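Here's the structure, in structure tokens; my notes come after.
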Amino acid sequence: MAEQVATFETIKAIGRSGLGAPILLMVMMAMIIVPLAPFMLDVFFSFNISLALVVLLVTVYSLRPLDFGLFPTVLLVTTLLRLALNVASTRVVLLEGHNGGDAAGQVIKAFGEFVVGGNYAVGIIVFAILVIVNFVVITKGATRISEVSARFTLDAMPGKQMAIDADLNAGLIDQDQARTRREEISAEAEFYGSMDGASKFVRGDAVAGILILFINIIGGLLIGTLQHDLSFAQAAKIYTLLTIGDGLVAQIPALLLSTSAGIIITRVSSSQNMGEQVLKQLFGNVRSLVVTSCILFIMGIIPGMPNVAFLSLSFLSGGLAWLIYRKQQRVIAEVPAPVEHVEPEAKELNWDDVTPLDPIGLEVGYRLIPMVDKDQGGQLMNRIKGVRKKLSQELGFLVPPVHIRDNLELTPTTYRITLMGVTVGEAEVYPDKEMAINPGQVFGEIDGLEARDPAFGLDALWIDPANRDQAQTMGYTVVDANTVIATHLSQLLQSHANELLGHEEVQQLLDKLAVNAPKLVENLIPDTLSLGVVVKVLQNLLLEGVPIRDMRTIAETLAEHGSRSQDPDVLTASARVSLGRLIVQQINGMGGELPVITLDPNLEQLLHQTVQASESGAVAVEPGLAERLHSALSESAQKQELSGQPAVLLVSAAIRSMLARFVRHTIPSLHVLAYNEITSDRQIKIVATVGQQAELV
């Protein structure tokens, strides 16, 4: 036992040192060049069969193909090992075969005499059948599956990448999870690509086995009759049996490895190994076993049929069906019965009976209840927590919890999103289907129920999960029902973030800021501004899509300008200037050049005069001019989007707020910036000028 442990530790040490592969290659080269003793051939042939069995069992117990990602390399190494053994055994058979059946080792002798009964005609037939099974059935099928899997995996990569980006944007996963999933997709593509090539090794090995058989038989006949003066019959018997034994010893591990390749390439990722899947899917249906038992019983009572065999299998199938049925009934009986609900006595109403409105609510139809019930495997609760976490980090304040409840007034597959009790979004989802979203370019059509993505209004289809890979190959972005609801919720919360921020949330932000900057908060509230004014400024920033993560900069700006003006709009403009670097980076990233759209000087002057003449700051522009201006801005913004650049309208500070309100809901992709919000490290590139005479006439 101690010697076995020491040997195992030595093997582990060699593997850790990186010398395992070079040593194995050296051994294979030695087998080809250096003549081996029959005893060494027995050792290597036994090792080859053992290695093939280990590889087969690893593939059987792997839960998904990537769990054995080294399989293509193992397949190549084992194929080379087997070919090296063929060369070594051929040398021994041809050199020493005239001395008798055991001249090439006990393993070859056993397979040549015991397995095929010492009859070389039977041996040739058995060998031919093994080669046909390996070459025509298993290897050919595994090769075809490898080719198809590699092609579809590579074609589906863009769709899977878009699905990861969608989950990341919806807050369902973080950066680390997204990186892990991208690495898995890349590893999956590399695995199937490697398997496409590795399957050719097995196919070539089967062809080599046939050629080696004929070469050894012909060579043995010539050597036996011409060099060792054997009769043709003696030479045929000795060398054919040795060659057949050698071929069978090589073909059995080849057949095992071909089977391993077929198993791993046809595996579907699951939480169960293959044995558990077979028991659950093949023998989990009691009805199929009962029908099989009846058919076998009928065949067993027909005169002339093998009655004992058929009746035995019939009773075995029936007994197995009975055992599975009893097990299923015990599982049902173990489920606790529902507790009878006793109605409490009616009591007087009080203020506790007035239910407060939930800041964020999600109402679901009864068919969607399993999606939010953790006991039934629902994942929507975790997705919503991910959305809240992501939005809280991006916006800069804690997004309130989402209150989920069922609503029998809704249709079974409908959900409704509410803010302060008011519905802001409603859509229909199908829990047993997946949504294939058309991002703009798809190649081909797929069967499904026509729909529209509730978050962004894109055309979509509800498809069967089995068609997911096909849809991704065509260019669709495929997401499940949980992701549809979570993405819709994320989009609505982001667009209504200003409504979620109230006095309590702002006070929490100020208390948190006071830990590091107590004097700043003390001078700001209530000495300079009231809490209500600060709340309004922060709500204005969120309304315009500006996060309030940099609370220190915002507070310093308000403390500086609050003594001169108490107007929330004026203070918002000042805060935007202080946050200019953040705003521009959020729009254009780290690019040094910012493409912008500007207004014609005459039009901008006209808007200036209108704002100055209005005490309320509203703009009384002639309706026809306003419509043409809106059309021109929309066209310019659309051109920028098509060119892959952000749409930015750059105007003077006096009219920025007015124009932002003008395009906020109708052209949401257009960002309105003031000149003083652009930092000095950014260069401006004017790509269009709106408001020229020809455009507005």
Side-chain angles (χ1 to χ4, degrees), residues 395-397 495 497-499 501 506 509-510 513 520 523-525 528-588 594 596-599 601 603-621 629 633 646-665 667-668 670-682 684:
L395 298 176
F397 71 96
S495 60
N498 61 302
E499 301 177 27
L501 185 71
V506 174
L509 290 174
L510 293 174
L513 179 61
L520 174 60
N523 293 334
L524 177 62
I525 296 177
T528 305
L529 295 173
S530 66
L531 181 61
V533 174
V534 177
V535 171
K536 184 60 178 176
V537 171
L538 296 180
Q539 289 176 343
N540 288 344
L541 291 173
L542 292 172
L543 181 61
E544 296 183 355
V546 180
I548 56 174
R549 297 194 303 267
D550 190 1
M551 193 62 193
R552 185 186 185 108
T553 299
I554 297 173
E556 289 176 347
T557 303
L558 296 182
E560 178 184 353
H561 295 272
S563 59
R564 295 193 293 269
S565 175
Q566 299 283 315
D567 187 350
D569 292 336
V570 175
L571 295 174
T572 301
S574 301
R576 284 182 59 92
V577 174
S578 301
L579 299 173
R581 180 177 288 103
L582 170 64
I583 296 173
V584 175
Q585 183 174 329
Q586 186 178 10
I587 296 172
N588 196 42
L594 178 65
V596 299
I597 305 168
T598 60
L599 294 180
L603 175 60
E604 192 162 358
Q605 183 64 28
L606 174 61
L607 296 177
H608 266 288
Q609 295 173 358
T610 306
V611 170
Q612 292 174 357
S614 175
E615 296 181 357
S616 62
V619 181
V621 183
L629 174 60
L633 290 174
V648 179
L649 176 62
L650 189 61
V651 296
S652 62
I655 62 173
R656 193 214 65 82
S657 178
M658 175 272 296
L659 286 175
R661 289 193 295 268
F662 181 66
V663 301
R664 179 173 300 145
H665 300 293
I667 317 177
L670 182 61
H671 306 277
V672 184
L673 301 182
Y675 289 104
N676 56 352
E677 294 174 0
I678 308 297
T679 54
S680 59
D681 60 338
R682 300 294 178 115
I684 297 174

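The chain is numbered in sequence order, starting from 1. A quick note: this is a predicted structure, and the numbers were derived from the prediction, not measured.
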Please find the pair of heavy atoms, one from [X] and one from [Y], that lie closest to each other, and give the distance.
X: Lys536; Y: Pro568; result: CG-CB, 3.5 Å
X: Ser652; Y: Glu604; result: N-OE2, 3.0 Å
X: Ala559; Y: Thr528; result: O-CG2, 4.1 Å
X: Pro547; Y: Gln586; result: CD-OE1, 3.3 Å
X: Arg661; Y: Ser657; result: NH1-OG, 2.9 Å
X: Ser565; Y: Leu571; result: O-CD2, 3.7 Å

Tell me every residue that passes salt bridge (Lys or Arg N to Asp or Glu O under 4.0 Å) with [X], counting only those two or more places apart in sequence or in another chain.
X: Arg664; value: Glu544
X: Arg552; value: Glu556
X: Glu499; value: none

Once salt bridge (Lys or Arg N to Asp or Glu O under 4.0 Å) is applied, what residue pairs with a partner in residues 672-682 remain, sequence neighbours excluded?
Arg576-Glu677, Arg656-Glu677

Within this structure, what is the [atom1]-[atom2] distance for the pair [X] and [Y], rounded to the nearest 0.5 Å?
X: Ile548; Y: Leu395; atom1: CD1; atom2: CG; value: 7.5 Å
X: Ile554; Y: Leu579; atom1: CD1; atom2: CG; value: 5.0 Å
X: Ile655; Y: Leu603; atom1: CD1; atom2: CG; value: 7.5 Å
X: Asn523; Y: Leu529; atom1: CG; atom2: CG; value: 11.5 Å
X: Ile583; Y: Ile678; atom1: CD1; atom2: CD1; value: 9.0 Å
X: Leu524; Y: Leu531; atom1: CG; atom2: CG; value: 9.5 Å

Any residue meeting side-chain hydrogen bond (donor to acceptor under 3.5 Å, both in side chains) with Asp550, in chain and number order, not counting sequence neighbours:
Thr553

Which residues pass the side-chain hydrogen bond (donor to acceptor under 3.5 Å, both in side chains) test with Thr598, not counting sequence neighbours?
Thr689

Mind running side chain to side chain contact (heavy atoms under 4.5 Å, CB included) on Thr572 and Leu541 for me, showing each step along the way?
CA-CA 7 Å; Thr572 301; Leu541 291 173; 4.0 Å; yes

Is there a side chain to side chain contact (heavy atoms under 4.5 Å, CB included) between Phe397 and Leu538? Walk through the geometry before answering.
CA-CA 11 Å; Phe397 71 96; Leu538 296 180; over 6 Å; no

Residues Leu629, Leu599; criterion side chain to side chain contact (heavy atoms under 4.5 Å, CB included); working and verdict:
CA-CA 10 Å; Leu629 174 60; Leu599 294 180; 4.2 Å; yes

Between Asn588 and Val648, does a side chain to side chain contact (heavy atoms under 4.5 Å, CB included) hold up when you go through it step by step?
CA-CA 9 Å; Asn588 196 42; Val648 179; over 6 Å; no

